Number of protein chains: 2
Amino acid sequence: MRESGVKERILDTASRLFYDQGYHVTGINQIIEEADIARASLYNHFPSKTDLLLAYLDSTHASWFEELDAFLKPIEGPREKLLALFDFRIMRQKRYNYKGCHFNKITAEASDDQAVLARVKAHKERLRKLILELVDQTMYRSILNNEQLADTLFLLLEGGIAVGGMYRSSEAPEKAKQIAEAVL
Amino acid sequence: MRESGVKERILDTASRLFYDQGYHVTGINQIIEEADIARASLYNHFPSKTDLLLAYLDSTHASWFEELDAFLKPIEGPREKLLALFDFRIMRQKRYNYKGCHFNKITAEASDDQAVLARVKAHKERLRKLILELVDQTMYRSILNNEQLADTLFLLLEGGIAVGGMYRSSEAPEKAKQIAEAVL
DNA sequence: GTCTATAAAATGATAGAC
DNA sequence: GTCTATCATTTTATAGAC
């Protein structure tokens, strides 16, 4: 009972700080202070800072797609769902103060850790696959084939969020959505 | 004479390490060791690590556009120049081992430093402006107006490089170029 | 399981001789 | 201008009492 509350508080605090400030700039000391737990409790639940990082990535990945599922559920039609993907990410960026994609951000910091890279890639590939499935459900025809259209949407999404992160603004992802609307 | 050689060596070494490993994970000790200079020499030329960071961004920005100018010069026609932008960035990614955009990467680390954010934004806006100028020189007509087309290319570029950085591969920017070819 | 105290190493930065 | 020696903090992580 108490244990799970503590573990959750550690992970929540670490997650917030890792994204907000960055991974390397966030020290164990700050985490235990803001989570209001004892030093050894952290190391009891997470043997090292790297374990905490991987737990952060795993939980973020899981909640990201859970939240997306709930977001897309009431929306009807593959085209509308595809456009809603932009809204979903814009909404999340607003919530987290426009610092860009969680996975893009951690890649910039923990760039040589294969366990990190594997998780980042798995996360993005799942999104790309979802987009392709939705595109396949549309009756889309043009100079681009379905896979190219899916990649277009995926890259517009990633580009918009990345630029939004650099500009600290929703302008780029909003434009990306408008382009997607014109293309679809 | 010696001074300028030293200063240059410091900046070159720091630039390489900041991009390769990350800013926060690169210590002053490593820089002075790999640049083979004395500790105080670094602080003589760069009062603080932050000054070194800003010098890194400024020199990277300058050499980036210098190199791009030379790259685009022999290429004829705005459409070909626009497509060459993708080649330029793919070439640079290959050279630097596919770790993504320098400016995107530093934003993920030094995210609350306004001096950093301003430089990142200036760099990206200059690229976006260049793309728009080239688009204006084409006789392009479609569902997208010129500014939207420029943004499309810009976002495809940024998305491709960002995803390429996360995947450590040139696959995404190559696809982005193919899409640009189909769209233009 | 949680706590406090502490270790061992690395951090950014400075002092003072040459 | 460059050098070596060093400072005060902060880093991740562990030991041992409760």
Side-chain angles (χ1 to χ4, degrees), chain A residues 1-59 105-106 108-116, chain B residues 1-59 105-106 108-116:
Chain A
M1 177 91 118
R2 179 157 184 208
E3 180 201 328
S4 73
V6 167
K7 185 168 185 176
E8 195 180 29
R9 216 156 65 237
I10 295 170
L11 187 53
D12 286 349
T13 304
S15 298
R16 175 172 56 80
L17 294 172
F18 287 169
Y19 179 72
D20 221 49
Q21 307 181 335
Y23 173 70
H24 283 115
V25 91
T26 299
I28 297 291
N29 291 330
Q30 190 182 7
I31 296 171
I32 62 170
E33 191 185 322
E34 298 201 14
D36 196 32
I37 50 103
R39 172 168 234 79
S41 296
L42 188 148
Y43 282 101
N44 190 30
H45 291 294
F46 304 97
S48 73
K49 196 187 173 186
T50 302
D51 289 283
L52 192 47
L53 170 60
L54 297 182
Y56 156 64
L57 291 177
D58 288 339
S59 75
K105 220 177 167 240
I106 204 65
E109 286 207 80
S111 54
D112 287 326
D113 188 322
Q114 291 302 319
V116 171
Chain B
M1 178 95 115
R2 179 156 184 209
E3 180 201 330
S4 73
V6 167
K7 185 168 185 176
E8 195 179 28
R9 217 156 65 237
I10 296 171
L11 187 53
D12 285 350
T13 304
S15 297
R16 175 173 55 80
L17 294 172
F18 286 170
Y19 179 72
D20 222 49
Q21 307 182 335
Y23 173 70
H24 283 115
V25 91
T26 299
I28 296 292
N29 291 329
Q30 190 181 7
I31 296 171
I32 63 169
E33 190 185 322
E34 297 202 15
D36 196 31
I37 50 104
R39 176 169 228 78
S41 296
L42 188 148
Y43 282 101
N44 190 29
H45 292 294
F46 303 97
S48 75
K49 196 187 174 186
T50 302
D51 289 283
L52 192 48
L53 171 61
L54 297 182
Y56 156 64
L57 291 177
D58 288 339
S59 75
K105 222 178 164 240
I106 204 63
E109 286 208 80
S111 54
D112 287 326
D113 188 322
Q114 291 303 318
V116 171

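Being a predicted model, the structure only gives us computed values, none of them experimental. In what follows, chains carry the letters A, B, and so on, assigned in the order in which the sequence lines appear, proteins first and then strands, with residues in each chain numbered from 1.
For B/A40, whose side chain is taken as the heavy atoms from C-beta onward, the closest listed nucleotide among C/dG1, D/dT4, C/dC3 is D/dT4. Across D/dA13, C/dT2, C/dA13, the shortest atom-to-atom separation from the side chain of B/S48 is found for C/dA13. The nucleotide whose nearest atom lies closest to any side-chain atom of A/N29 is, among D/dT14, D/dT11, C/dT2, D/dT11.
Across all strands, B/T26 comes closer than 4.0 Å only to sugar-phosphate atoms, never to a base (heavy-atom distances).
Environment of CD in A/Q30: crowded, with over 12 heavy atoms of neighbouring residues, nucleotides or ligands closer than 6.0 Å.
Rounded to whole angstrom, the span from the CD1 atom of B/I10 across to the P atom of C/dA13 amounts to 14 Å. The distance from atom CD1 of A/I28 to atom P of C/dA7 is 20 Å, rounded to the nearest whole Å. Between the CZ atom of B/R39 and the C1' atom of C/dA13 there is a distance of 8 Å, rounded to whole Å. Rounded to an integer number of Å, the gap from NE2 of B/H45 to P of D/dT2 is 4 Å. When the P atom of D/dT9 is taken as reference, atom CD of A/Q30 falls 19 Å away, rounded to whole Å. A/F46 places its CZ atom 13 Å from the P atom of C/dG1, with the value rounded to the nearest Å. The distance between atom OH of A/Y23 and atom P of D/dT11, rounded to the nearest whole Å, is 13 Å. One atom, NZ of A/K7, and another, P of C/dG1, lie 10 Å apart when rounded to the nearest Å.
Of the listed residues (A/I10, A/I37, A/T13), just one forms a side-chain contact (heavy atoms from CB on, under 4.5 Å) with A/I32, and that residue is A/I37.
A donor-acceptor contact closer than 3.5 angstrom links the side chains of A/S48 and A/D51.
Under the 4.0 Å criterion applied to side-chain N and carboxylate O atoms, A/K105 and B/E109 are not assigned as salt-bridge partners.
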